[in-house]
Trainee: 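Sharing a structure here in structure tokens format.
Bear in mind the structure is a predicted one, so any value in this text is a computation, not a measurement.
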Amino acid sequence: MQSNNPALSRNPVFNGNAQTLSAEELNKIYSQPSATPNRAGIDQPSTQKFEPGVGGSADPMTYEDTIAKTAGLFAVVVAFAVVGWWFASLPIVIGAAIAGLVVGLIATFKKAPSVPLYFLYAALQGVFVGGISGMFEAMWDGIVTQAVVGTFSVVAITLLLFRSGKVRTSPRMTKIVMIAMGGYLLFSLLNFGLIAFGVLPGFGMREGIWGILIGIAVVLMAAYCLVMDFEYIKNGVEAKAPRVYGWTAGFGLMVTIIWLYLEVLRLIAIFRGD
């Protein structure tokens, strides 16, 4: 089974107060590369398979250790999100988005886990997420709380369904999701171009009922990616992968959850916008 999270699929172990801006300006920031999923465009599937308990490490990754490492990365995201919320200006938010994309790509394509890069990505994404969240909050009061609750609800429900065994990936569904994500990436680039050149205002082609339907579809794709992330963490633990790969698993989850949060944030903004 191939993982659609490049952080996992390319890894051999896992087969001032924010200023108020217009909706159009917010969408331009939001549509910076690190705010849109790059999974479909850079996914390189792993060809190596792992048998549980065969050739495992003497110091293997565990669920508890992976959870702790993931929590550490998210602690950095939250800390820098506070900085981004209160002090990030428009150039800083855009700069953090672009820098986060570059660091994320480097971290993803490195053959060996790179903990410093994972933490640097978390810090940059924290500034970006905090800054864009503050700007959305200035336009739609309470939207960030709604987006956080919505995001963690999706994560919790997906995890519960996965733990119960009711939700699993399949080769056919994974291919469908990858194709859909590739189409969404092209759509996002086109939409951003039309907004950037003033052809379309606000959220561009993401306005109204079509924007809502697209947003719901993207949230479902992100939820499926969570299932793939959970599966590959499970595979890594069962294969007794080296403990350091817990950081890679945490990085993969961080990429997915940040993407999910940004999509939920925009979806709520479309619902609440006029």
Side-chain angles (χ1 to χ4, degrees), residues 1-9 11 13-15 37 39-40 43 46 50 52 60-78 81 104 108 113 118 121-122 125-126 129 133 144-174 176-178 180-181 184 215-241 243-268:
M1 182 66 61
Q2 299 174 355
S3 170
N4 203 37
N5 188 331
L8 302 180
S9 66
N11 196 296
V13 175
F14 303 92
N15 188 21
R39 296 165 172 269
D43 181 78
S46 172
F50 295 86
M61 64 183 286
T62 64
Y63 290 118
E64 294 79 6
D65 185 64
T66 301
I67 291 171
K69 287 178 168 60
T70 304
L73 290 172
F74 273 102
V76 174
V77 173
V78 172
T108 295
Y118 299 159
Y121 177 84
Q125 284 297 88
V129 169
S133 296
V144 171
T145 300
Q146 293 173 334
V148 169
V149 171
T151 299
F152 280 100
S153 296
V154 173
V155 174
I157 292 172
T158 304
L159 179 58
L160 287 174
L161 291 173
F162 177 78
R163 288 291 302 273
S164 70
K166 295 180 179 179
V167 173
R168 289 292 186 269
T169 63
S170 69
R172 181 178 180 182
M173 189 62 191
T174 298
I176 293 173
V177 170
M178 290 175 66
M181 291 174 68
Y184 175 67
I216 293 173
V218 175
V219 168
L220 291 175
M221 285 191 287
Y224 187 83
C225 289
L226 281 174
V227 175
M228 289 192 285
D229 292 343
F230 296 150
E231 278 194 355
Y232 278 82
I233 291 173
K234 178 176 179 290
N235 291 344
V237 172
E238 292 180 349
K240 299 185 183 299
R243 184 178 295 269
V244 68
Y245 286 104
W247 288 112
T248 305
F251 172 68
L253 273 175
M254 178 174 58
V255 171
T256 301
I257 294 174
I258 289 176
W259 171 39
L260 175 61
Y261 167 77
L262 292 170
E263 290 295 340
V264 172
L265 184 68
R266 175 156 59 178
L267 180 59
I268 296 173

Trainee: Distance-only, no hydrogens or angles: does the R168 side chain make a donor-acceptor pair with backbone N or O of F162 under 3.5 Å?
Mentor: yes
Trainee: Drop me the distance from D229's CG to T169's OG1, to the nearest 0.5 angstrom.
Mentor: 11.0 Å
Trainee: Is a donor on one side and an acceptor on the other found under 3.5 Å between the side chain of Q125 and the backbone of V77?
Mentor: no
Trainee: List the steps, then state whether side chain to side chain donor-acceptor pair (under 3.5 Å) holds for Y224 with T158.
Mentor: CA-CA 8 Å; Y224 187 83; T158 304; over 6 Å; no
Trainee: Over all heavy atoms of both residues, which pair between K69 and G246 is shortest? Give the atoms and the distance, please.
Mentor: CD-C, 3.6 Å
Trainee: Over all heavy atoms of both residues, which pair between L161 and S164 is shortest? Give the atoms and the distance, please.
Mentor: O-OG, 2.8 Å
Trainee: Please report the shortest heavy-atom distance between A223 and V154, naming the atom on each side.
Mentor: CB-CG1, 4.1 Å
Trainee: Of the options Y245, Y118, F74, which is the one that meets F251 in a ring pair (Phe, Tyr, Trp, His ring centres under 6.0 Å)?
Mentor: Y118
Trainee: Rounded at 0.5 Å granularity, tell me how far CG in L159 sits from CZ in F152.
Mentor: 12.0 Å
Trainee: I would like to know whether Y63 and I233 meet side chain to side chain contact (heavy atoms under 4.5 Å, CB included); could you show each step before the answer?
Mentor: CA-CA 8 Å; Y63 290 118; I233 291 173; 4.3 Å; yes
Trainee: Any side-chain heavy-atom pair from Y261 and V144 closer than 4.5 angstrom?
Mentor: yes
Trainee: Any side-chain heavy atom of M254 within less than 4.5 Å of one from Y121?
Mentor: yes
Trainee: How far does NZ of K234 sit from OG1 of T66, to the nearest 0.5 angstrom?
Mentor: 14.0 Å
Trainee: Using side-chain heavy atoms (C-beta onward) and a distance below 4.5 Å, is L73 in contact with T70?
Mentor: no
Trainee: What distance do I176 atom CD1 and S170 atom OG have between them, rounded to the nearest 0.5 Å?
Mentor: 7.5 Å
Trainee: Identify the two heavy atoms, one from G215 and one from L267, that lie closest to each other, and give their separation to 0.1 Å.
Mentor: CA-CD1, 4.0 Å
Trainee: Does the side chain to side chain contact (heavy atoms under 4.5 Å, CB included) test come out yes or no for T151 and V148, once each step is laid out?
Mentor: CA-CA 5 Å; T151 299; V148 169; 5.8 Å; no
Trainee: Looking at every non-hydrogen atom in both residues, tell me the closest pair between A249 and M61 and how far apart they are.
Mentor: CB-CE, 4.4 Å
Trainee: With a 4.0 Å cut-off on N to O distance, would you call E263 and R266 a salt bridge?
Mentor: yes
Trainee: How many angstroms lie between atom SG of C225 and atom CE of M178, to the nearest 0.5 angstrom?
Mentor: 9.5 Å
Trainee: Pick out which of L253, L160, L226 makes a side-chain contact (heavy atoms from CB on, under 4.5 Å) with V155.
Mentor: L226
Trainee: State, yes or no, whether a side-chain contact exists between M173 and V177 at a heavy-atom distance under 4.5 Å.
Mentor: yes
Trainee: Nearest heavy-atom pair of T62 and V237: which atoms, and what distance?
Mentor: C-CG2, 4.0 Å
